[in-house]
Structures are given as C-alpha cells and as structure tokens.
Amino acid sequence: MSITRLDVGTRMSSIVIHQGTVYLCGQVAKDKYQNITEQTTTMLEEVDSLLMQAGSSREHLLSATLYLKDMNDYDAMNAVWDAWVPKGHAPARACVQAAIVEPEYLVEVSIVAAVAV
C-alpha cells in the first residue's frame with residue numbers, strides 16, 4: 001500500500017494521495033480580511049493549485065465540505081462556487097456553519113478528488 005504525502009507538517013499534510021484518491025487539507029483564503037466573494041475566489045485558486053500538484057483537477061472532484069462562518073454568506077459563496085465547478089462535474093457536497101480557527105476567515109473547504117488518469 002502506497003501513501004504519498006506532500007508538504008508534510010507537524011499536524012497535517014497539504015495533500016495525501018492513496019489508491020488514486022487525493023485528499024486536501026482544509027483551504028482558506030489568501031487574505032482573511034477580504035469579503036466572502038474574494039475569500040471564496042482565492043480559496044478555490046489554492047484548491048486548483050493543490051489539485052494540479054497532486055495530478056488531479058476540478059473535473060475530478062469527488063467530495064467537498066464547505067465551512068461558513070455565517071450562513072448569511074451562503075448565496076455569495078455559492079455564486080463563486082457555481083462558476084468554479086465545471087458543468088457536469090459537481091461533487092458530493094456539504095455546507096455547514098462553523099467557527100473557523102481564525103475569526104477573520106469566512107469560509108474554508110475540504111476536498112477529496114480522484115487522480116486524473
């Protein structure tokens with residue numbers, strides 16, 4: 001059994017790949033002081049970068065869990081999300097309200113994807 005871990009830290013790895021499945025650690029915005037639209041946009045840009053590094057892409061999404069600080073941001077976050085997810089490739093998804101480790105962050109996402117063949 002082979003497990004590949006990329007960008008390994010003390011508490012987590014940014015990417016873990018096992019049996020053709022890519023697991024990304026939680027991703028947040030580049031700038032925690034931006035609004036929900038900008039935070040969602042830059043968070044998903046980081047997801048794109050990590051998926052590419054892992055040999056995957058948004059067309060290979062399997063599952064996404066989104067964490068919103070405030071459900072009042074749901075529609076604005078979804079406007080960015082819906083434009084980002086390729087038509088016909090929507091993953092299984094959950095969205096919950098949660099306290100995020102740094103209170104300035106408005107959104108976080110955890111992604112599971114398949115390795116592109």
M71 atom CE: more than 12 heavy-atom contacts under 6.0 Å: yes
Verdict with reasoning, L51 to L61, per side-chain contact (heavy atoms from CB on, under 4.5 Å): CA-CA 9 Å; L51 287 172; L61 295 174; 4.0 Å; yes
CD1-CG distance between I17 and L6, expressed to the nearest 0.5 angstrom: 5.0 Å
Atom pair OG (S49) and CG (L24), whose distance is rounded to the nearest 0.5 Å: 10.0 Å
Close side-chain approach of E38 to D31, heavy-atom, < 4.5 Å: no
Flag, side chain of S56 to backbone of A114, donor-acceptor distance under 3.5 Å: yes
K32 side chain reached by I100 side chain, heavy atoms, under 4.5 Å: no
Common cluster, Y74/W81, ILVMFWY with side-chain heavy-atom separation under 4.5 Å: yes
Same apolar cluster (I L V M F W Y, side chains within < 4.5 Å links), L106/V80: yes
Any donor-acceptor N/O pair, Q39 side chain to Q34 backbone, under 3.5 Å: yes
Pairwise side-chain contact, D73 with V107, heavy-atom cut-off 4.5 Å (strictly under): no
Hydrophobic cluster membership, V28 vs Y67, 4.5 Å side-chain cutoff: no
I36 side chain reached by D70 side chain, heavy atoms, under 4.5 Å: no
Check: Q27 side chain, I111 main-chain N or O, donor-acceptor pair, under 3.5 Å: no
Heavy-atom closest pair, residues V85 and A90: CG1-CA, 3.6 Å
Donor on one side chain, acceptor on other, H18 and T21, under 3.5 Å: no
Inter- and intrachain pairs under side chain to side chain donor-acceptor pair (under 3.5 Å), touching residues 4-16, at least two apart: D7-S14
Distance, nearest 0.5 Å, that separates CD of E108 from NZ of K69: 13.0 Å
Y33 side chain reached by E104 side chain, heavy atoms, under 4.5 Å: yes
W84 vs V47 side-chain heavy atoms within contact, under 4.5 Å: yes
Straight-line distance of R58 CZ to D48 CG, nearest 0.5 Å: 4.0 Å
T41 side chain reached by E45 side chain, heavy atoms, under 4.5 Å: yes
Shared hydrophobic cluster, L66 / L68 (ILVMFWY, side-chain heavy atoms < 4.5 Å): yes
